[in-house]
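Notes follow the structure.
Throughout, a chain's letter reflects where its sequence line sits, starting with A, and its residues are numbered from 1.
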There are 2 protein chains.
Amino acid sequence: MLMSELLMKHDAPMDAYRQLFDGILSQRLAPGTKLNEVELTVLFGVSRTLIRQALQRLQLEQVVEIHKNRGAFVAAPSPDLAQQILLARHTIELAVVNLACERCTVGDVEQLQHMIDLEQSAIDQGDMATALRRSGEFHLQLAIVAGNQPFVHALRGLISQTSLIITMYSHGGGNACARDEHSLLLAAVSAGDQQQAQQQMAHHLGHIAAGCDFTQSPQMANLKGAFAHLS
Amino acid sequence: MLMSELLMKHDAPMDAYRQLFDGILSQRLAPGTKLNEVELTVLFGVSRTLIRQALQRLQLEQVVEIHKNRGAFVAAPSPDLAQQILLARHTIELAVVNLACERCTVGDVEQLQHMIDLEQSAIDQGDMATALRRSGEFHLQLAIVAGNQPFVHALRGLISQTSLIITMYSHGGGNACARDEHSLLLAAVSAGDQQQAQQQMAHHLGHIAAGCDFTQSPQMANLKGAFAHLS
DNA sequence: GTACATAATATTGTATACAATATAAGTGAA
DNA sequence: TTCACTTATATTGTATACAATATTATGTAC
């Protein structure tokens, strides 16, 4: 099989999943939004079978809630759950940076630095949704570098949920300092300084939590608007 | 709706999932076993739709591996992955007992003690497969008591995978001392002694790892034999 | 107009049918 | 035999059809 064919070949179920995932993470689909199956079939051009597959997967990643006979909705973590999520991230990511300090190669550092730059360029363009998504990708890459598959798996869901939390509860600007924090974190990891890296990570995650107030409720969005670019 | 109807009403997709899950966790389905979809439909009396739903869910819990166009197989973690899993459990369960120490009620202690007793009775009857499953349920209940949903979610998969690891790599007797360890752990949690509880948990998980050698390969099993009690 | 019951519609749940791919069986030549 | 190649079979991937449930609309009594 040619490389071009490999690149062209689109994996239908993954595509539907990715589109939905991106739609949610980029904040085009607000927490609580109902995800109607037939609407999604026409938007993505696949049958309900694949839509339901994607929705189930998103549910198991805790990004979507499915209520029996009622349908799927973009998850809207309660304040209590939100704090549980941030605590879980704290625990896992501290362990992750510890491992990353031991295993990070120069190639890894380059890639992580590149991701920081991409995040910053999104911030410079005022595209905070993209910046938020890229920030999550940086954290996930750190877990990949750490070389622990279960941590990667758990963090994938937790990071996505954190994006939802920030969408719902953060009163802006709270994560504008993210760039510096990511850079400081990477510097510590790159130097293999576990003590410093853990401190940076704890500080960074603390900032995210501090930027939320957990008293206001979220606004919804509608499906067609979120995927208007497709039709 | 009557209570009896509620109890009778079986949730078909959950049933298929549970049967498979139990089959794997109780070691009737050995790691690596192929899970043929049509065979499962006749065994469970539901259509491939629900079988595939169950398999996908098990895949996302890392208990089953699905290879595109090749089918589903009971997961068989490599020695390297096995160690990553045990490390992840170590990290998360230490945090769990910490929380459990703060939140454990007398009712929780009773329930946990009951689960220890059930595990012990399985050991007394020589049913190590059931004992192993009950041991996992004890650990999961501890996470529920701790009140952190993401930890529960992550541990559900990790504990299941640990069962597979023990099936594949443990040279017996290694977890015979589990009862005492669980009891000591519960005592510490019940007393709210975080220091002691963490130490017990670390010791307990260390024992599991120490009981494995990671050099031998697993044996397979066939489907019809594993579910012979159904037909 | 409100409240309730009933019918019409829409949406999800499950099973089946068809398509695509992989596996196994057969066939012939070296 | 063994290898390659072709054909047949089995298995998975996807779409559709039908069933069950929920939501909305309609009508009627008060």
Residue whose nearest DNA chain D nucleotide is more 5′ - Val46(A) or Gly71(B): Gly71(B)
query: Would a distance-only check, ignoring hydrogens and angles, find a side-chain to backbone donor-acceptor pair under 3.5 Å from Asp15(A) to Ala12(A)?
result: no
query: Whole Å only: how far is the CG atom of Asp11(B) from the C1' atom of dT21(D)?
result: 14 Å
task: Rounded off to whole Å, could you give me the CZ-to-C1' distance for the Arg57(B) and dG13(C) pair?
output: 16 Å
message: I need the CZ-P distance between Arg48(A) and dA10(C), as an integer number of Å.
response: 15 Å
task: Can you label the angle between the His182(B) ring and the His139(B) ring as parallel, tilted or perpendicular, going by 30° and 60°?
output: perpendicular
message: Within the structure provided, determine whether Ile166(A) and Ile208(A) are in side-chain contact (heavy-atom separation under 4.5 Å).
response: yes
- prompt: Is the distance from OP1 or OP2 of dT23(C) to the nearest side-chain N or O of Lys34(B) less than 4.0 Å?
  reply: no
5′-ward residue of the pair Val38(B)/Thr49(B) relative to DNA chain D: Val38(B)
message: Suppose we screen for side chain to side chain donor-acceptor pair (under 3.5 Å). Which residues come up paired with Ser78(A), at least two apart in sequence or across chains?
response: none
- request: Would you mind classifying the nucleic acid contact of Arg70(A) as base, sugar-phosphate or nothing, using non-hydrogen atoms under 4.0 angstrom?
  value: sugar-phosphate
- request: Could you check how far CD of Glu37(B) sits from P of dG13(D), rounded to whole Å?
  value: 6 Å
statement: Rounded to whole Å, the CG-C1' distance (Leu40(A) to dT11(C)) equals 13 Å
query: Can a side chain N or O of Ser47(B) be found less than 4.0 Å away from OP1 or OP2 on dA15(C)?
result: yes
- request: Compute the angle between the rotation axes at the two ends of the helix from dG1(C)-dC30(D) to dA30(C)-dT1(D), each taken over five pairs, rounded to 10 degrees.
  value: 0°
message: What is the distance, to the nearest angstrom, from the CG atom on Asn36(B) to the C1' atom on dT23(C)?
response: 12 Å
Other residues, nucleotides, ligands: >12 heavy atoms within 6.0 Å of Glu110(B) CD: no
query: Which residues pass the side-chain contact (heavy atoms from CB on, under 4.5 Å) test with Arg134(A), sequence neighbours left out?
result: Leu118(A), Glu119(A), Ser121(A), Ala122(A), Thr130(A), Glu137(A)
Sugar-phosphate only, base, or nothing, as touched by Arg52(B) at under 4.0 Å among non-hydrogen atoms: base
Side-chain donor-acceptor pair present, His204(B), His90(B), cut-off under 3.5 Å: no
- line: Rounded to whole Å, the CD-P distance (Gln53(A) to dT14(C)) equals 15 Å
- request: Using only side-chain N and O atoms of Asn69(B), determine if any of them is under 4.0 Å from OP1 or OP2 of dT12(D).
  value: no
field: Nucleotide dT11(D), atom C1' - distance to CZ of Phe73(B) in whole Å
entry: 11 Å
